[in-house]
Protein chains: 4
Amino acid sequence: MGISERKLREKESRIKQIRDSGAALFYKKGYVATTIEDIAAAAEISKGTIYLYFKSKDDLYYSLVEPSLDKLSKKLIKIAGMKEIDPEVRIKNVVDATYEFYDKDPDAYHLVSRYEASIFSNLLSRDKLDHLKDLMRSNLNQLEIVISDGVIQGRFRKLDPRMTSIIIWNTFMGIIQFQENRLEEGKTDYRRTTIDGAVEIILRGIRKR
Amino acid sequence: MGISERKLREKESRIKQIRDSGAALFYKKGYVATTIEDIAAAAEISKGTIYLYFKSKDDLYYSLVEPSLDKLSKKLIKIAGMKEIDPEVRIKNVVDATYEFYDKDPDAYHLVSRYEASIFSNLLSRDKLDHLKDLMRSNLNQLEIVISDGVIQGRFRKLDPRMTSIIIWNTFMGIIQFQENRLEEGKTDYRRTTIDGAVEIILRGIRKR
Amino acid sequence: MGISERKLREKESRIKQIRDSGAALFYKKGYVATTIEDIAAAAEISKGTIYLYFKSKDDLYYSLVEPSLDKLSKKLIKIAGMKEIDPEVRIKNVVDATYEFYDKDPDAYHLVSRYEASIFSNLLSRDKLDHLKDLMRSNLNQLEIVISDGVIQGRFRKLDPRMTSIIIWNTFMGIIQFQENRLEEGKTDYRRTTIDGAVEIILRGIRKR
Amino acid sequence: MGISERKLREKESRIKQIRDSGAALFYKKGYVATTIEDIAAAAEISKGTIYLYFKSKDDLYYSLVEPSLDKLSKKLIKIAGMKEIDPEVRIKNVVDATYEFYDKDPDAYHLVSRYEASIFSNLLSRDKLDHLKDLMRSNLNQLEIVISDGVIQGRFRKLDPRMTSIIIWNTFMGIIQFQENRLEEGKTDYRRTTIDGAVEIILRGIRKR
DNA sequence: CATGAATGAGTCTTCATTCAT
DNA sequence: TATGAATGAAGACTCATTCAT
């Protein structure tokens with residue numbers, strides 16, 4: 001019993017090693033430029049071992065992107081659904097949740113934010129592709145719902161909720177990407193504060209006075 | 001002389017063919033997934049000819065990205081430098097200029113916006129890499145200058161100009177990317193209007209009342 | 001003109017090199033055990049060159065088997081169709097034609113005689129697979145027609161033409177295979193005489209007295 | 001002792017499982033296309049276990065082919081040796097024995113009939129290779145002996161016993177292969193009757209009148 | 001200059017074999 | 001003994017780059 005437990009633990013840790021190395025490399029170099037050999041080396045295992053746990057390179061990639069997207073998606077749906085809460089607060093909550101997701105698992109976040117449908121269109125089945133697209137869309141939809149609520153409740157100006165959600169979403173992604181580059185160059189970490197500043201500006205921009 | 005002129009013209013047109021095909025393909029499929037064969041076929045020349053004009057695949061890519069970045073950069077520097085003009089108008093002008101750049105040469109724009117330093121850090125020399133980074137930074141700097149002016153002139157609230165420029169810049173990039181995806185799915189073209197809406201929201205968010 | 005002609009000749013000779021090496025190796029070691037590297041080495045070219053002329057390993061194999069089978073097939077159809085000729089003579093003619101085919105292009109013959117549908121069922125499209133099967137069947141059918149004619153004309157005993165054609169066909173294949181083994185061991189070449197002896201025995205066995 | 005007996009029994013049954021699965025798979029898919037994993041799965045044991053009982057994949061294959069060949073060989077030697085029996089009857093007996101061998105253990109038969117020296121020349125030692133060749137030859141030799149007896153006794157025409165044995169042997173192999181293909185396509189089972197028909201024709205062809 | 005055939009290093013993937021438990 | 005995870009050599013195939021014409 002102890003043995004089988006340990007085996008299970010080891011197997012899971014092996015999978016985790018592969019997933020972690022894969023996520024980090026896919027994020028750093030992109031799908032095409034990352035080789036299975038790279039991932040194996042980073043995980044300190046052999047090439048073959050990866051194929052014990054993942055059917056193929058794109059299977060590994062999909063298995064990284066999908067649950068991450070799914071997790072974030074579920075989180076945002078929950079937050080956006082709290083109709084009783086003030087829309088401004090809900091927007092902040094969405095941003096907080098996304099930042100927390102990013103903070104806890106940056107590689108997963110990057111896979112999500114860097115996801116490019118075009119790369120996958122040749123690799124994944126129609127089903128999987130549509131599923132990923134749906135998840136991506138869902139995140140934006142949640143923001144849209146909250147903004148829409150705010151407009152209806154007269155808290156926000158009469159503006160296009162769709163457009164506004166796009167602005168917020170891409171501002172978030174862009175800021176993270178930008179501040180990370182600065183971080184790499186040894187500069188101070190302004191990620192969280194820049195995000196907060198951006199939210200402040202945008203809320204001010206959409207708020208009804 | 002007539003002959004050598006024609007030769008020159010032909011040579012230049014040959015180079016243009018390669019550059020145009022390269023830009024379009026690099027944008028559509030990404031650097032790694034684009035093959036020299038692809039580009040040669042699109043340019044209706046032979047593979048070997050590309051190597052007459054470009055040292056290597058990454059040389060071609062660099063030669064596409066650099067002038068595009070440079071061109072946009074110069075444009076923005078000019079606009080941002082018009083200190084006599086109202087900061088809000090200058091911000092709008094920066095956005096207009098960027099949009100015009102995008103509209104006239106979408107492939108060049110995409111090369112710029114999709115440029116990923118990480119991919120090139122292994123391919124390009126330190127010099128070239130730094131140069132590209134500088135150009136990228138310059139664009140943000142111009143926005144920063146304008147916002148800074150606005151803050152000093154008391155037209156904008158006291159906010160971090162750097163942060164604000166990041167917000168504007170990434171909102172632009174994100175909206176283009178997003179609306180292009182929707183365009184591909186056959187939906188109405190909301191690129192320009194979404195951009196305008198976003199600028200409106202942000203200006204409202206940073207304006208001093 | 002002279003140049004393009006030479007180029008064409010060189011290209012054809014390159015293809016011939018690959019085909020010849022491929023046929024010889026596929027015959028000697030079987031489809032699975034033969035590697036593209038093997039074939040390239042035998043043809044004294046590089047791996048990549050093979051892929052300039054053939055889409056894949058199984059494409060090369062198919063391109064070797066199909067025309068060979070087709071050629072033999074057509075030959076036998078022609079001979080079997082000569083209804084005015086004595087059935088015994090026609091059987092001999094079929095055997096002669098098959099032997100001539102073998103003698104002129106042993107590798108092609110071996111590809112045909114060693115063809116195993118099971119190997120291909122996973123590699124080839126339904127169309128191609130059916131086509132090969134049809135060709136294989138056709139050869140037997142021609143023998144069957146001749147024997148059938150002989151039975152109807154009262155020259156042969158009342159026996160199953162299908163069964164008899166199978167006997168003749170497999171005797172031929174078996175004898176070639178067997179005598180080649182002996183030949184390899186340095187023994188005298190009895191291929192043709194054994195074939196003739198076998199035909200003699202079988203004709204005697206089916207002839208009506 | 002009861003325990004060690006059980007252990008022995010289990011061990012033998014384990015080996016049998018491996019051998020049976022191996023024979024079936026080697027026959028169905030060929031040596032190269034059959035994986036150790038396949039065999040282990042079919043035998044419902046683990047990959048490692050196979051290596052407890054067999055040194056390598058080719059060792060397993062050899063250990064399957066050799067005894068099968070040996071068994072058939074011994075059987076035919078016995079029958080062919082019955083000098084007091086009529087040669088025609090002995091030929092029939094040889095065919096019957098071969099058919100019975102095939103009928104009882106088709107996989108073993110196929111291993112024998114599909115055995116291809118060329119594949120093994122790289123894998124097996126000279127000794128083993130020669131041994132297999134000897135066994136293969138022996139079968140033909142037995143037929144040759146019987147036919148030779150028939151010629152001497154004046155029952156058969158003056159023909160080459162070697163050649164005649166080759167004809168008979170290969171007719172048998174060819175017919176089985178051919179009729180099995182037809183069987184797979186759902187057609188009636190004509191294996192035994194075709195064999196009998198073939199023997200009838202050949203005997204008639206070699207009989208002295 | 002232009003061509004495109006040829007090259008071979010590099011990529012994904014499979015599988016015989018080993019070995020710690 | 002039995003297991004099955006791990007290994008890494010080997011194979012099919014791609015593509016940037018070179019070079020003879």
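Chain A is the first sequence line, chain B the second, and so forth, proteins listed ahead of strands; every chain is numbered from 1.
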Return the value, rounded to whole Å, for the distance between atom [atom1] of [X] and atom [atom2] of [N].
| X | N | atom1 | atom2 | answer |
| --- | --- | --- | --- | --- |
| D:I39 | E:dC15 | CD1 | C1' | 12 Å |
| B:Y51 | F:dC15 | OH | P | 12 Å |
| D:L60 | E:dT17 | CG | P | 10 Å |
| C:Q17 | E:dA5 | CD | P | 15 Å |
| A:D58 | E:dT13 | CG | C1' | 12 Å |
| A:Y61 | E:dT11 | OH | P | 18 Å |
| B:I36 | E:dA5 | CD1 | P | 17 Å |
| A:E44 | F:dT7 | CD | C1' | 15 Å |

Dump the pairs, protein N or O against N or O of nucleotides 8-10 of chain F, anything under 3.5 Å, distances to one decimal.
residue	atom	partner	partner atom	Å
F:dA10	N6	A:K47	NZ	3.2

So which atom in [X] and which in [Y] form the shortest heavy-atom distance, rounded to 0.1 Å?
| X | Y | answer |
| --- | --- | --- |
| D:L69 | D:L135 | CB-CD1, 3.8 Å |
| C:S63 | C:L60 | OG-O, 2.9 Å |
| D:A40 | D:S46 | CB-C, 3.8 Å |

Sequence neighbours excluded, the answer for side-chain hydrogen bond (donor to acceptor under 3.5 Å, both in side chains) partners of B:D20 is B:K16
Stem regions touching DNA chain F, defined by at least 3 consecutive Watson-Crick or wobble G-U pairs below 3.5 angstrom: E:2-21 with F:2-21
Distance-only donor-acceptor check, side chains D:T35 and D:D38, under 3.5 Å: yes
Does NZ or CZ of C:K57 fall inside the cone over C:Y31's six-membered ring, less than 6.0 Å from its centre and within 45° of the axis? yes
For D:Y53 and for A:I45, locate the closest nucleotide of DNA chain F by heavy-atom distance; then report the residue assigned to the nucleotide nearer the 5' terminus. D:Y53
Taking for each residue the nucleotide of DNA chain F bearing the nearest heavy atom, is the 5' side occupied by A:I50 or by D:L52? D:L52
Would you call B:Y109 and B:D105 a side-chain contact if the rule is heavy atoms closer than 4.5 Å? no
Side chain of B:H110, backbone of B:P106: donor and acceptor closer than 3.5 Å? yes
It should be established whether D:R14 places a side-chain nitrogen or oxygen under 4.0 Å from OP1 or OP2 of nucleotide F:dT1. no
How far apart are the C-alpha atoms of C:V65 and C:F26, what are their side-chain angles, what is the distance that settles it, and do they pass the side-chain contact (heavy atoms from CB on, under 4.5 Å) test? CA-CA 10 Å; C:V65 172; C:F26 282 138; over 6 Å; no
Just to be sure I understand the rule, does C:F54 reach a base, reach only the sugar-phosphate, or reach nothing, if contact means heavy atoms closer than 4.0 Å? nothing
